[in-house]
Amino acid sequence: MPAPITEEQNRVDREALLDTAEKLFYERGIQAVGMDEVRAASGLPLKRIYRFFAAKEDLVVAMLRRRDRRWRGELAAHVEQVPDPHERILAVFDWLADWFAQPGFRGCAWVNAFGELGSSSEAVLAEVRSHKRAFHDQIAGWVHSTGVPVVEPVFLLAEGAIVTAGISGDPAPARHARAAVATLLGKTP
């Protein structure tokens with residue numbers, strides 16, 4: 001009889017499964033990737049995968065939730081090292097430009113998930129909305145510290161740059177959005 005699986009092994013396997021799902025879903029799309037492909041790429045048996053996540057939708061939501069924490073955490077780590085509040089807002093767009101230029105960039109994982117499943121999965125739609133609210137609130141906190149009432153335009157410029165870069169495959173929208181935000185903040189771009 002095999003030894004029981006430890007809590008640590010469960011944690012490691014769950015994280016590896018989420019890594020695999022995120023990579024496959026982001027590269028190829030959620031609907032294009034079947035659970036057999038996730039199984040093969042992760043090396044975990046389907047039975048074990050379904051013990052972690054009862055349905056593919058649960059795996060997608062968990063992957064998006066984990067990606068949200070990492071994505072917004074990396075953005076915050078970059079932005080919050082900048083002391084000047086106005087420059088901090090511009091640093092958002094510098095970070096976006098770096099992200100857009102990374103190999104394999106395919107736009108916003110949440111917009112992609114919304115496009116694929118937003119009308120058919122309440123759970124995915126709720127996770128997408130949660131991410132967008134959290135990103136908006138993150139931007140709002142940084143913008144409020146400038147004293148300039150431009151939260152909505154800055155947020156929309158960030159979102160627009162993400163979508164445009166994802167579609168065009170060009171990181172230039174971050175630079176263009178940064179220049180527009182500099183103008184909104186009364187700074188020379």
Side-chain angles (χ1 to χ4, degrees), residues 18-19 21-23 25-27 29-30 57 60-119 121-189:
L18 286 168
D19 288 343
E22 182 175 352
K23 180 180 185 308
F25 294 159
Y26 187 70
E27 285 177 359
I30 296 164
E57 177 183 61
V60 171
V61 168
M63 178 274 297
L64 289 172
R65 190 169 291 150
R66 187 182 73 151
R67 185 179 176 106
D68 170 73
R69 285 190 302 270
R70 185 183 66 246
W71 189 87
R72 288 186 312 102
E74 290 172 2
L75 172 61
H78 177 81
V79 169
E80 290 172 3
Q81 69 183 347
V82 177
D84 178 72
H86 292 82
E87 292 298 321
R88 199 175 295 139
I89 303 307
L90 299 178
V92 169
F93 295 89
D94 298 336
W95 186 85
L96 290 175
D98 290 344
W99 177 43
F100 299 167
Q102 289 178 1
F105 173 74
R106 283 198 62 247
C108 176
W110 298 272
V111 169
N112 297 348
F114 175 78
E116 287 194 69
L117 302 172
S119 63
S121 170
E122 285 296 321
V124 170
L125 177 59
E127 194 58 38
V128 169
R129 287 179 173 164
S130 174
H131 165 74
K132 293 303 179 185
R133 270 190 310 275
F135 180 46
H136 177 277
D137 293 348
Q138 193 172 29
I139 295 281
W142 293 323
V143 171
H144 286 311
S145 68
T146 69
V148 183
V150 292
V151 170
E152 296 309 316
V154 171
F155 175 70
L156 291 173
L157 283 162
E159 283 292 328
I162 293 168
V163 171
T164 304
I167 292 169
S168 69
D170 182 356
R175 186 178 70 251
H176 300 305
R178 185 187 197 282
V181 169
T183 300
L184 288 171
L185 294 172
K187 298 187 71 72
T188 305

How long is the straight-line distance from CZ of Arg175 back to CG of Asp94, given to the nearest 0.5 Å? 11.5 Å
Examine the side chains of Glu152 and His136 and answer whether a donor and an acceptor come within less than 3.5 Å of each other. yes
Criterion side-chain contact (heavy atoms from CB on, under 4.5 Å) on His78 and Val92, from CA distance to verdict: CA-CA 8 Å; His78 177 81; Val92 169; over 6 Å; no
Would a 4.5 Å heavy-atom cut-off, applied to side chains only, mark Phe25 and Leu64 as touching? no
If you define the side chain from C-beta out and look only at heavy atoms, does anything of Leu185 sit under 4.5 Å from Ile89? yes
So, do Leu117 and Ile30 sit near enough that their side-chain heavy atoms are less than 4.5 Å apart? yes
Ring center gap for Trp71 and Phe135 short of 6.0 angstrom: yes
Please indicate whether Phe114 has more than 12 foreign heavy atoms, meaning atoms of other residues, nucleotides or ligands, lying under 6.0 Å from its CZ. no
Kindly compute the distance separating CZ (Phe93) from CG (Leu96), expressed to the nearest 0.5 Å. 6.5 Å
How long is the gap from CZ on Arg72 to CD1 on Ile139, to the nearest 0.5 Å? 10.5 Å
Donor-acceptor under 3.5 Å (Thr164 side chain, Ala161 main chain): no
Give the minimum heavy-atom separation between Pro171 and Ala97, together with the two atoms involved. CB-O, 4.0 Å
Examine distances only and state if a side-chain atom of Arg88 and a backbone atom of Pro83 form a donor-acceptor pair shorter than 3.5 Å. yes
Between Phe100 and Asp170, does the side-chain contact (heavy atoms from CB on, under 4.5 Å) criterion hold? Intermediate values first, please. CA-CA 7 Å; Phe100 299 167; Asp170 182 356; over 6 Å; no
If we only count heavy atoms from C-beta on, is the Trp142 to Leu75 side-chain gap below 4.5 Å? yes
Just wondering, do Val163 and Ile167 contact through their side chains at under 4.5 Å, heavy atoms? yes
If you count the non-hydrogen atoms of other residues, nucleotides and ligands that lie under 6.0 Å from NZ in Lys132, is the total more than 12? yes
What pairs with Tyr26 under side chain to side chain contact (heavy atoms under 4.5 Å, CB included), at least two apart in sequence or on another chain? Arg67, Trp99, Phe105, Arg106, Ala109, Asn112
pair Leu184-Leu157: side-chain heavy atoms closer than 4.5 Å: yes
Could you tell me whether Glu74 and Arg69 have a side-chain N and a carboxylate O separated by less than 4.0 Å? no
Checking Ser130 side chain against Ala126 main chain: does a donor-acceptor pair fall under 3.5 Å? no
Got Glu122 and Glu127 here, is their nearest side-chain heavy-atom distance under 4.5 Å? no
Does a sphere of radius 6.0 Å around CD in Glu80 hold more than 12 heavy atoms from other residues, nucleotides or ligands, not counting ones at 6.0 Å or beyond? yes
Distance check, rounded to the nearest 0.5 Å: Arg178 atom CZ versus Leu90 atom CG? 4.5 Å
Flag side-chain contact, heavy atom, 4.5 Å: His131 against Arg65: no
